[in-house]
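Only one structure is covered here, and it is reproduced in the block below.
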Amino acid sequence: MRRAGVKKRFLLIGDDNNEGATFCYYEKGSKVPHEPSFIFIHGFSSDKYAWLGVIKEIPYGFHCIAIDLPGHGESVGFNEEQLIAVNVFFDKLNLTEPIYLVGCSMGGSIAAMFATKYPSYVCMICLLAPVPPGEEYETELLSQLRSGVYHIVLPETLKQFYAAAKLLSMKKVHANRLLARIYLKSRLSMLDQHKKVLKSAFENDYPNLEQSYAELKNLACSVLIIWGRQDQLCSVDGANYFSNLIPDAKLIFFDDCGHLITTDKPTQTASIIIKFWETPSTYRTNLYN
Ligand SMILES: CCCCCCCC/C=C\CCCCCCCC(=O)OC(CO)CO
């Protein structure tokens with residue numbers, strides 16, 4: 001089946017740490033020599049599907065890949081940490097030329113940290129409302145989440161599902177109870193796995209975020225930051241934190257847009273991503289000439 005021009009693919013990793021570990025991903029188009037592939041990383045409890053609205057708007061001729069992170073979607077069997085797993089994925093796919101990495105929310109944090117850990121792999125990054133560091137930027141919602149009120153992003157009932165949708169998105173989730181129920185049911189089967197990922201992120205990654213992000217000031221790649229003005233989960237002040245930290249980052253705010261930027265503004269997100277790609281960058285020019 002083809003949706004938004006993508007094909008679903010599987011990539012067996014299966015190294016010593018991850019026997020039988022498999023990445024699942026969507027791919028549109030194929031590698032273009034001397035042009036960066038666009039790689040999309042979803043947020044917490046989300047999956048590759050979240051990017052279809054964006055990828056649909058990206059013209060044929062560009063190479064797009066949206067992955068399911070370990071612990072999400074149809075990727076299975078991983079033991080090692082996300083950054084290492086994602087790095088192995090790029091190696092296995094032979095994405096040896098620097099890529100354009102796009103991440104949303106927790107996926108934006110992962111994209112940012114990936115760029116600092118593996119600078120030679122990326123020439124451009126786009127961060128959609130990444131998780132800001134520490135209490136100074138912690139919203140009421142994020143602090144509730146940290147204290148263990150998980151249903152804000154991991155709804156277990158239909159009522160919680162509608163409440164979560166309302167908090168995270170400006171789009172009216174029309175009262176289609178049948179579709180909502182089907183969607184909720186598919187998520188419930190992953191609930192325990194998602195809870196484990198969230199617990200580990202708050203215990204191991206969240207306390208060190210500021211320290212991890214400190215490296216961003218040394219980034220040589222081009223950086224685009226996008227934030228929804230109505231984001232209630234990741235503080236809009238985070239946009240200034242990241243743009244102050246990263247030299248020459250380009251910052252764009254979307255009006256009438258909540259935390260789920262790919263849901264609220266898919267077309268605008270795609271067009272900004274492409275526009276940024278077209279912007280002349282001495283860094284990228286030097287890479288490919
Ligand atoms: C597992 C390895 C992770 C390593 C990186 C950790 C960086 C952040 C650390 C802790 C914060 C926990 C996440 C809080 C919610 C995120 C919001 C989010 O993703 O929103 C989704 C909707 O749920 C959007 O699609």
Self-check item: Salt bridge present between E97 and K31 (N-O < 4.0 angstrom)
Solution: yes
Quiz item: With a 3.5 Å cut-off and no angle check, do the side chains of S212 and N208 form a donor-acceptor pair?
Solution: no
Quiz prompt | Joint hydrophobic cluster, L95 plus I84, side-chain heavy atoms closer than 4.5 Å | solution = yes
Quiz item: Going by the angle between their ring planes, with limits at 30° and 60°, are F44 and H72 parallel, tilted or perpendicular?
Solution: perpendicular
Exercise. Look at the aromatic rings of F38 and W277 and report parallel, tilted or perpendicular, splitting at 30° and 60°.
Key: tilted
Quiz item: Does atom NZ of K117 have more than 12 heavy-atom neighbours, drawn from other residues, nucleotides or ligands, at distances under 6.0 Å?
Solution: yes
Exercise. Answer yes or no: is there a side-chain heavy-atom contact under 4.5 Å between L191 and Y150?
Key: no
Quiz prompt | Neighbour count >12 (heavy atoms, 6.0 Å) for atom OH, Y49 | solution = no
Self-check item: Rounded distance (nearest 0.5 Å) linking atom OG of S169 with atom CG of L260
Solution: 5.5 Å
Practice problem: Please say whether the positively charged group of K48, taken as NZ for Lys or CZ for Arg, lies over the ring of Y26, i.e. under 6.0 angstrom from the six-membered ring centre and within 45 degrees of the axis. | Solution: yes
Quiz item: Is there a path of hydrophobic side-chain contacts, each under 4.5 Å between heavy atoms of I, L, V, M, F, W or Y residues, that connects Y162 with L179?
Solution: no
Self-check item: R146 NZ/CZ over F202 ring centroid, <6.0 Å and within 45° of normal
Solution: no
Quiz item: Has the side chain of S45 got a donor or acceptor atom that lies under 3.5 Å from a matching backbone atom of L154?
Solution: no
Quiz prompt | Expected output: side-chain Q160 to main-chain E156 donor-acceptor under 3.5 Å | solution = yes
Self-check item: Name of the residue among Q268, K265, R229 meeting side-chain hydrogen bond (donor to acceptor under 3.5 Å, both in side chains) with D255
Solution: R229
Quiz prompt | 4.5 Å side-chain heavy-atom contact, C234 and W227 | solution = yes
Quiz item: Is there a chain of hydrophobic side chains (I, L, V, M, F, W, Y, each step under 4.5 Å between heavy atoms) that links V32 to Y100?
Solution: no
Quiz item: How about Y213 and F242: are their ring centroids closer than 6.0 Å?
Solution: yes
Practice problem: Go through the steps for L127 and I226 under the test side-chain contact (heavy atoms from CB on, under 4.5 Å), then give the verdict. | Solution: CA-CA 6 Å; L127 312 176; I226 304 178; over 6 Å; no
Quiz prompt | Enclosure of Y183 OH (heavy-atom neighbours >12, cutoff 6.0 Å) | solution = no
Self-check item: Aromatic ring proximity F10/Y25, centre distance under 6.0 Å
Solution: no
Exercise. Flag this pair as yes if the NZ/CZ of K28 is under 6.0 angstrom from the six-membered ring centre of Y60 and inside a 45 degree cone about the axis; otherwise no.
Key: yes
Self-check item: Partners passing side-chain hydrogen bond (donor to acceptor under 3.5 Å, both in side chains) against Q232 (at least two apart in sequence or in another chain)
Solution: none
Practice problem: Check the hydrophobic clustering (I, L, V, M, F, W, Y; side-chain heavy atoms under 4.5 Å; chains of links allowed) and say if Y137 and I246 are grouped together. | Solution: yes
Quiz item: Would you call L52 and V54 a side-chain contact if the rule is heavy atoms closer than 4.5 Å?
Solution: no
Quiz item: In terms of side-chain geometry, is the basic nitrogen of R9 or E27 positioned less than 4.0 Å from the acidic oxygen of its partner?
Solution: yes
Exercise. For H259 and Q230, test the side chains for any donor-to-acceptor distance below 3.5 angstrom and give the result as yes or no.
Key: no
Quiz item: Is any side-chain heavy atom of V86 less than 4.5 Å from a side-chain heavy atom of L69?
Solution: yes
Quiz prompt | pair L145-L198: side-chain heavy atoms closer than 4.5 Å | solution = yes
Quiz item: Applying the 4.5 Å side-chain criterion to the ILVMFWY set and letting contacts propagate, would M170 and I272 be lumped into a single cluster?
Solution: no
Self-check item: Within 6.0 angstrom of E136 CD, more than 12 heavy atoms from elsewhere
Solution: no
Quiz item: Is there a donor-acceptor contact under 3.5 Å from the side chain of S189 to the main chain of S186?
Solution: yes
Practice problem: Specify whether Y121 and Y118 have parallel, tilted or perpendicular ring planes, treating 30° as the upper limit for parallel and 60° as the lower limit for perpendicular. | Solution: perpendicular
Practice problem: Give the ring-plane orientation class for F90 versus F114, where under 30° counts as parallel, over 60° as perpendicular and anything between as tilted. | Solution: perpendicular
